[in-house]
Amino acid sequence: MNTCETGGMYDFDVLVLGSGPGGQKAAIAAAKLDRRVALVERRHMIGGVCINTGTIPSKTLREAVLYLTGLSQREMYGQSYRLKDDITVGDLAARTQHVIGREVDVIRSQLVRNRVQLITGTGRFHDPHTIVVAQGEGGDHKVSAEKIIVAAGTRPARPGSVDFDDRTIIDSDGILRLDHVPRSMVVVGAGVIGIEYASMFAALGTKVTVVERRERMLEFCDLEVVEALKYHLRDLQVTFRFNETVASVERHPRGALALLESGKQIAADTVMYSAGRQGMADHLELENAGLTCDDRGRIPVDENFRTAAPHIYAVGDIIGFPALASTSMEQGRLAAHHACGEPAHEVQAIHPIGIYSIPEISFVGRTEDELTADRVPFEVGLARYRELARGQIIGDSYGMLKLLVSPTDRTLLGVHIFGTNATELVHIGQTVMGCGGTVDYLVDAVFNYPTLAESYKVAALDATNKMRSVARLRD
Ligand SMILES: Cc1cc2nc3c(=O)[nH]c(=O)nc-3n(C[C@H](O)[C@H](O)[C@H](O)COP(=O)(O)OP(=O)(O)OC[C@H]3O[C@@H](n4cnc5c(N)ncnc54)[C@H](O)[C@@H]3O)c2cc1C
C-alpha cells in the first residue's frame with residue numbers, strides 16, 4: 001500500500017521530524033492531501049536551522065550590513081559614505097531578531113491553519129513506526145505514524161582538535177552570539193558559508209583572513225565570477241591563504257592565534273570555523289527502525305527520498321548534497337506526495353545556486369570548465385552592468401551576466417551572474433532553460449527599461465553576434 005490512509009491504526013498518518021524547510025513543506029503537503037499530520041520539533045527551533053541560525057539570520061545580517069555601511073552607495077557618494085559610523089552588534093541583531101520572530105510566526109500560523117499538530121520535544125526512533133518525544137520535565141511520549149519523514153537537518157561540524165569557546169573560537173552558529181564586531185577575524189574554510197560571512201565582516205571593516213586547504217574556492221562556480229569576487233573581497237582588505245591548513249588555534253586573553261601548518265601565525269580577535277556540517281541522524285537511534293547513517297550523520301535515500309525502510313523518508317540537509325533551503329523544501333513536498341500516493345515529479349535537474357557574498361553570485365546550468373571538459377561547444381554572451389542604464393543608476397559598475405549558448409541548437413547551457421540582484425535575475429535564465437527556450441527568445445523579447453534584467457537581452461545579442469560571425473566565415 002502506497003497511501004497513508006491508516007484507518008486509525010496509528011496516531012497519525014504522517015509524522016515529520018524537524019520543522020526546517022524540508023519538514024515544513026512535507027507536513028503542509030501531507031496536510032493538504034487531508035492526512036492527519038504531526039510535526040516534532042525541539043523548543044525554540046521552529047523553522048529549523050534555516051530560520052534560527054542559518055539562511056534567514058545570515059541573509060538579514062547581510063542586508064543590515066549593506067544598509068548601515070552604505071557600501072552599495074559609495075560609488076555615488078564617495079568612499080567615506082556610511083549611514084552609521086559605529087555599527088554595533090545591537091544594530092545588526094535588532095534586524096535579525098525582528099525577521100526571525102516574524103518568520104517563526106508565519107510558519108506557526110501556516111502549520112495551525114493546515115491542522116498540523118506541533119509536538120514540542122526531541123524525537124528518536126522507538127521502533128519503525130514509533131517516535132519517542134522527550135519533553136524535558138514533561139517526560140517521554142510515544143507517537144506512532146504510518147509514514148515518517150525525517151527532516152532533522154545538520155549542525156556545524158566541529159573538528160575535535162579545536163577548543164571552541166563560543167567567544168573567541170566559534171562556528172557559524174556563534175556568529176549570531178558575538179557581543180562585539182571583531183576588529184580582525186580568521187575564517188577557516190572558504191565554502192559558501194565562510195565566504196558569505198567573510199564578505200559581511202569585511203564590509204563592516206573587520207580585517208578578515210580566509211584560510212582554505214584547497215587551492216581554489218567555490219570551484220563549482222564560474223572561474224571568472226570567482227576571480228571577480230576575490231578581487232572585490234581583496235579590495236575590502238580580505239587576505240586569502242589558499243593551500244594552507246590551520247594546524248591549531250591558541251586562545252589568549254586578548255584574542256586568538258591561528259597557527260598554520262606552513263608556520264605562519266595569524267592573530268585575530270575571532271576565529272570562525274566553517275568546516276562543513278554534521279547530520280543530526282546520530283541522535284535519532286536509527287537502529288530501532290532498522291536504519292543506519294554514515295559517519296557524517298547523513299541518511300541514504302532513493303530517488304523518491306525513501307530510506308531503506310520504505311515507509312520512512314528523509315529529506316533536506318540530512319541526506320546531504322545540495323543541502324540548501326531551496327532544495328530541501330522541494331524534497332519535503334515530493335516525499336510527502338510519494339508517501340501519500342500522490343503523483344510526484346522528480347526535482348528538476350536545473351536548480352539555481354545563490355551565494356550571498358558581497359557582491360552576490362548566482363548561476364544555473366553548467367560552467368565553462370565543465371562544458372570544455374566534456375567537449376561541448378559553447379558561445380559566450382556577456383553583458384556588463386555598467387553598460388546598462390540601471391547599472392549606472394544604482395552605482396553597480398562591476399556586475400555582469402554571462403550566457404553560455406549552444407551554437408548547435410541555440411539553447412542556453414548556463415547562466416552566470418555576478419553583482420546586484422544576481423540571485424533574483426537568475427530565475428529568468430532558469431525559466432528559459434526549463435521551458436526549452438533558445439537565445440533567440442531573449443534577443444526578441446522586450447524588457448522593461450531601465451532594468452538589470454535587460455542584461456539578458458544584451459548578452460543574448462552578444463552571443464548571437466558572435467555566432468553569426470562564425471557562420472559568415474563559412475558562407
Ligand atoms: C549560515 C548558513 C547560511 C545558509 N544560507 C543559505 C541560503 O542562503 N540559501 C539556501 O538555500 N540555504 C542556505 N543554508 C542552508 C539551509 O539553511 C539548509 O539547507 C536548510 O535549513 C535545511 O533544511 P532542513 O529541512 O534539512 O532542516 P534544518 O533547517 O536543518 O532544520 C532541522 C530541524 O530539525 C530539528 N531536529 C533535529 N533533530 C531533532 C530531533 N531529534 N527531534 C526534533 N527535532 C529535531 C532541528 O531542531 C531543526 O529545527 C544556509 C545554512 C547556513 C548554516
Side-chain angles (χ1 to χ4, degrees), residues 15-27 38-63 96 103-104 107 118-125 131-135 140-141 143 148-157 170-176 187 189 191-200 272-286 297-299 305 313-333 335 351-357 360-362 423:
L15 185 143
V16 180
L17 201 56
S19 69
Q24 260 167 62
K25 301 297 170 192
L39 179 66
V40 179
E41 178 55 86
R42 300 180 299 172
R43 196 170 296 281
H44 309 307
M45 274 302 278
I46 292 279
V49 164
C50 176
I51 303 292
N52 295 282
T53 55
T55 315
I56 298 305
S58 63
K59 263 78 266 184
T60 312
L61 198 63
R62 180 182 188 275
E63 210 59 40
T96 311
E103 281 287 286
V104 169
I107 293 166
L118 185 60
I119 303 175
T120 303
T122 304
R124 60 181 196 275
F125 279 97
I131 297 286
V132 182
V133 184
Q135 298 184 310
D140 286 0
H141 293 274
V143 193
I148 296 176
I149 302 178
V150 180
T154 55
R155 58 182 183 272
I170 61 174
D171 58 29
S172 65
D173 285 1
I175 290 276
L176 305 170
V187 173
V192 175
I193 295 172
I195 289 300
E196 289 185 355
Y197 278 127
S199 303
M200 287 181 234
M272 185 195 82
Y273 268 81
S274 177
R277 314 243 340 146
Q278 176 74 24
M280 293 291 279
D282 47 1
H283 294 315
L284 298 179
E285 299 188 6
L286 290 178
R298 294 174 303 200
I299 305 175
F305 307 104
Y313 294 71
V315 297
D317 283 13
I318 203 160
I319 66 169
F321 182 83
L324 292 168
S326 52
T327 45
S328 301
M329 292 187 218
E330 190 54 6
Q331 293 168 357
R333 188 180 70 87
H351 51 75
I353 300 286
I355 301 175
Y356 293 83
S357 44
E360 69 193 53
I361 294 176
S362 196
T423 52

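Remember, it's 1-based here, ligands and their atoms both numbered in the order they're listed. Quick note: residue numbers are just sequence positions, from 1.
The closest non-hydrogen atom to atom 36 (N) of ligand 1, taken over A151, G123, A152, comes from A152. Taking each of R124, R43, E360, E41 in turn, the one with a heavy atom nearest to atom 48 (C) of ligand 1 proves to be E41. The option from P21, G316, G20 that lies nearest to atom 23 (O) of ligand 1, judged by heavy atoms, is P21. Compare D171, T55, I175 by their heavy atoms: the one nearest to atom 50 (C) of ligand 1 is in T55.
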Please report, to 0.1 Å, the donor-acceptor pairs under 3.5 Å made by any side chain of residues 272-282, with sequence neighbours excluded.
| residue | atom | partner | partner atom | Å |
| --- | --- | --- | --- | --- |
| S274 | OG | G194 | N | 3.3 |
| R277 | NE | T154 | OG1 | 2.9 |
| R277 | NH2 | T154 | O | 3.3 |
| R277 | NH2 | T154 | OG1 | 3.4 |
| Q278 | NE2 | D295 | O | 3.3 |
| D282 | OD1 | R155 | NH1 | 3.3 |
| D282 | OD2 | R155 | NH2 | 2.7 |

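Below 4.0 Å from some heavy atom of L284 lie the following atoms of ligand 1, by number and element: 41 (N). For ligand 1, the atoms sitting less than 4.0 Å from at least one non-hydrogen atom of S326 are 11 (O), numbered in the order shown with element in parentheses. Here is the list of ligand 1 atoms found below 4.0 Å of a heavy atom in G22: 25 (O). Interface atoms of ligand 1 facing T154, defined by a heavy-atom separation under 4.0 Å, are 30 (O).
Residue contact check for ligand 1: K59 places a non-hydrogen atom closer than 4.0 Å to it. Within the structure, the closest approach of G121 to ligand 1 falls below 4.0 Å when heavy atoms are considered. For Q24, the heavy-atom gap to ligand 1 stays at 4.0 angstrom or more.
With a 4.0 Å heavy-atom cut-off, ligand 1 is reached by no atom of V192. Of the heavy atoms in T122, both backbone and side-chain atoms come closer than 4.0 Å to ligand 1. By the criterion of a heavy-atom distance under 4.0 Å, the side chain of S58, and not its backbone, is placed next to ligand 1.
For E285, the side-chain contact (heavy atoms from CB on, under 4.5 Å) partners are R124, E287, N288, not counting sequence neighbours.
Nearest non-hydrogen protein atom to atom 28 (P) of ligand 1 is V49 N, 3.6 Å. Considering only non-hydrogen protein atoms, atom 34 (O) of ligand 1 sits nearest to G18 CA, 3.2 Å. Residue, atom and distance of the protein heavy atom nearest to atom 19 (O) of ligand 1 are D317 OD1, 2.7 Å. For atom 27 (O) of ligand 1, the nearest non-hydrogen atom of the protein is G153 CA, 3.7 Å. In terms of protein heavy atoms, atom 11 (O) of ligand 1 is closest to A325 N, 2.9 Å.
Rounded to the nearest 0.5 angstrom, I148 CD1 and L284 CG are separated by 10.5 Å.
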